[in-house]
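Working notes for the structure below.
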Amino acid sequence: MKDIAVLDFGSGKLSFIVAVRSVDANFAVKNFASIEYPGYYNGEWVSSETLRQDVGKVIAQSGFDFKLKTLYITVPSEFTQVRTSGMVSDLGKKRSINSSILMQIHDKAEGITPSGHSALCSSALEYVLDGDVHTVRPIGEYAQSIFAHMSYVFCKDEFIKDVRSIASELGFKDVKYIDGIWAEGGQLIEERSRINGCVMIDVGYASTTFALIKGDGIKYKKDKSFGSGFLIDGLAGAMGVEYEVAQSLLSQITLNIESDVKSVYRYEIGSRRYECKAKDVNDFLHGRILSELVDFVNGCIAEVKEMDESSSLGNTLTVSPLGSINLMTEFYVTGGGLGAIRGATQFFARALGREVAVLTGNTAGWDKPYHSSAFAAIEIAEKMNRKNSLLEKLFG
């Protein structure tokens with residue numbers, strides 16, 4: 001088994017991890033460090049001038065010895081675009097479908113690449129064989145025609161250029177890019193849920209992504225500049241205190257239970273101690289989550305329904321009679337944003353009117369939502385190292 005080095009760009013934290021697949025099929029972590037850094041906003045670095053220094057710092061803190069020459073990068077959603085396309089391949093006669101046939105389908109992305117972007121990966125939302133057999137695993141099946149509902153993820157060339165330059169300066173010979181949202185959806189959510197279509201909401205420090213995961217790909221994605229940092233900043237403004245003071249309150253706050261009028265949170269400014277009404281703080285945060293996060297998610301759901309209605313007029317092959325999102329659709333939340341405040345995830349689920357599962361990686365001791373992107377990328381990177389499956393042949 002080969003060691004894998006992953007650099008994970010969060011919206012508030014930069015993490016570096018080196019791991020290797022262990023005998024129990026989990027990962028053994030050899031090096032790890034995570035630091036706060038300026039991050040990004042609306043698909044742009046907040047401080048491109050200090051990015052090289054921040055990357056060098058987090059790698060140095062991990063104790064990494066630079067023996068590995070390949071660096072895997074998790075690309076944040078704000079630097080990517082998703083495009084979908086339907087493609088029909090006529091095989092001439094009934095044939096057994098193999099990886100070579102699917103690779104030809106996956107390569108047909110001409111004409112849909114956004115300006116200033118490069119392709120990261122292609123994946124199938126669903127295959128339809130001979131017009132009536134729907135599947136995400138067609139290899140070994142017999143068919144004359146294949147309709148492939150494809151999803152493509154494209155990354156900003158500027159991001160690729162910036163990161164490759166930094167990695168090269170640090171001594172890495174090869175840099176490979178993995179879309180973070182695609183990795184989380186494909187590696188951490190069970191196939192059963194993905195076949196039906198499921199919703200994943202990644203809430204970070206300063207960025208939130210809504211993604212409709214279908215089959216092996218992303219059918220719909222939308223980003224919003226919102227996260228725990230916005231909640232803390234808003235709370236600081238409402239209380240008239242510094243950001244660090246509001247941040248220190250997080251360990252006391254519980255959002256999923258009603259606070260009585262006598263309950264208080266305590267905080268310090270210098271040597272002086274203060275109290276604030278717990279109900280006032282909770283009500284403020286409830287309102288922000290409702291107006292920013294819940295409204296955003298409901299807006300995305302409405303857009304997906306409009307998209308389904310529009311596509312059903314032109315092509316019925318890939319449209320479920322229940323639609324992409326319905327009462328049976330499973331919802332997942334991940335990222336460190338809501339997890340930073342006790343009870344925030346439960347309140348969010350209740351406000352949304354859905355059961356919402358928390359999505360994490362599977363490695364013991366690292367199974368926290370704020371590690372999900374890095375460990376999903378490690379899963380992909382390890383498969384790319386092996387180069388022995390369709391996924392690696394297509395995306396390696």
Side-chain angles (χ1 to χ4, degrees), residues 10-13 15 34-36 39 184 188 199-210 224-269 273-297 330-375:
S11 55
K13 286 189 175 182
S15 301
S34 184
I35 64 170
E36 294 183 356
E184 287 177 331
L188 305 183
V199 169
M200 185 179 73
I201 304 157
D202 189 324
V203 185
Y205 175 78
S207 182
T208 291
T209 301
F210 176 103
K224 178 180 177 61
S225 294
F226 176 78
S228 59
F230 285 79
L231 293 175
I232 298 168
D233 187 62
L235 181 60
M239 294 176 61
V241 300
E242 295 294 324
Y243 181 93
E244 290 75 16
V245 174
Q247 189 176 33
S248 71
L249 280 175
L250 293 189
S251 62
Q252 302 179 54
I253 293 172
T254 303
L255 292 185
N256 64 328
I257 60 174
E258 292 294 330
S259 299
D260 60 50
V261 294
K262 295 182 180 180
S263 298
V264 296
Y265 296 132
R266 295 181 173 86
Y267 61 95
E268 296 181 2
I269 300 179
R273 297 180 179 181
Y274 299 86
E275 292 182 350
C276 59
K277 292 183 179 179
K279 187 176 187 306
D280 291 345
V281 171
N282 286 11
D283 286 348
F284 175 83
L285 294 175
H286 287 163
R288 279 298 176 93
I289 292 174
L290 286 169
S291 63
E292 297 287 349
L293 185 56
V294 175
D295 283 358
F296 168 66
V297 171
E330 295 180 2
F331 276 61
Y332 299 87
V333 66
T334 192
L338 289 182
I341 304 174
R342 188 185 301 114
T345 299
Q346 294 88 334
F347 172 77
F348 168 65
R350 189 166 70 247
L352 197 60
R354 297 267 188 173
E355 288 189 14
V356 179
V358 177
L359 189 64
T360 69
N362 300 315
T363 298
W366 300 88
D367 52 347
K368 301 293 187 290
Y370 49 83
H371 289 315
S372 61
S373 176
F375 276 84

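From a predicted model like this one, the values you see are computed outputs, not experimental measurements.
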Evaluate side-chain contact (heavy atoms from CB on, under 4.5 Å) for Leu188 paired with Met200, printing each intermediate quantity in order.
CA-CA 11 Å; Leu188 305 183; Met200 185 179 73; over 6 Å; no
With rounding to the nearest 0.5 angstrom, report the OG1 to CZ distance, Thr345 to Arg350.
12.0 Å
Spatial distance of atom CD (Gln252) from atom OG (Ser263) [nearest 0.5 Å]:
11.5 Å
Hey, are Glu36 and Lys13 close enough for a salt bridge, meaning a charged N less than 4.0 Å from a carboxylate O?
no
Using 0.5 Å steps for rounding, measure from the CZ atom of Arg266 to the OG atom of Ser248.
13.5 Å
Answer whether the closest heavy-atom distance between the side chains of Val297 and Phe348 falls below 4.5 Å.
yes
Do Asn282 and Lys279 pass the side-chain contact (heavy atoms from CB on, under 4.5 Å) test, and can you show the C-alpha distance, the side-chain angles, and the key distance before you say yes or no?
CA-CA 5 Å; Asn282 286 11; Lys279 187 176 187 306; 5.8 Å; no
Heavy atoms of Ser372 and Leu359 approach each other most closely as CB-O, 4.1 Å
What one should report as the nearest heavy-atom pair of Asp202 and Glu184 is OD2-OE1, 2.9 Å
Considering non-hydrogen atoms only, spot the tightest contact between Ser11 and Ser207 and give its length.
OG-N, 3.5 Å
For the pair Leu338 and Leu293, evaluate side-chain contact (heavy atoms from CB on, under 4.5 Å) and give the outcome as yes or no after the intermediate values.
CA-CA 10 Å; Leu338 289 182; Leu293 185 56; 3.9 Å; yes
Heavy-atom pair with the smallest gap, counting every atom of Ile201 and Phe210:
CG1-CD1, 4.1 Å
Take Val281 and Leu285 through the test side-chain contact (heavy atoms from CB on, under 4.5 Å) and record every step on the way to the result.
CA-CA 6 Å; Val281 171; Leu285 294 175; 4.2 Å; yes
Kindly compute the distance separating CG (Leu290) from CZ (Phe296), expressed to the nearest 0.5 Å.
15.5 Å
Sequence neighbours excluded, which residues qualify as side-chain hydrogen bond (donor to acceptor under 3.5 Å, both in side chains) partners of Tyr267?
none
Tyr205: ring-ring contact (aromatic ring centres under 6.0 Å, His included) partners, not counting sequence neighbours:
none
When rounded to the nearest 0.5 Å, the distance separating CD of Glu292 from CZ of Phe226 is 5.5 Å
With rounding to the nearest 0.5 angstrom, report the CD to CD1 distance, Gln346 to Ile257.
10.5 Å
What pair of heavy atoms forms the shortest contact from Val241 to Ala246, and how long is it?
CG2-N, 4.1 Å
Are side-chain heavy atoms of Ser15 and Tyr370 found at a separation under 4.5 Å?
no
Are the side chains of Leu235 and Ile253 in contact, using a 4.5 Å heavy-atom criterion?
yes
Who pairs with Asp367 by salt bridge (Lys or Arg N to Asp or Glu O under 4.0 Å), at least two apart in sequence or on another chain?
none
List the atom of Thr254, the atom of Arg342, and the distance in Å for their closest heavy-atom pair.
OG1-NH1, 3.1 Å
Any donor-acceptor pair under 3.5 Å linking the side chain of His286 with the backbone of Leu255?
yes
More than 12 heavy atoms of other residues, nucleotides or ligands under 6.0 Å from CD of Glu268: is that the case?
yes
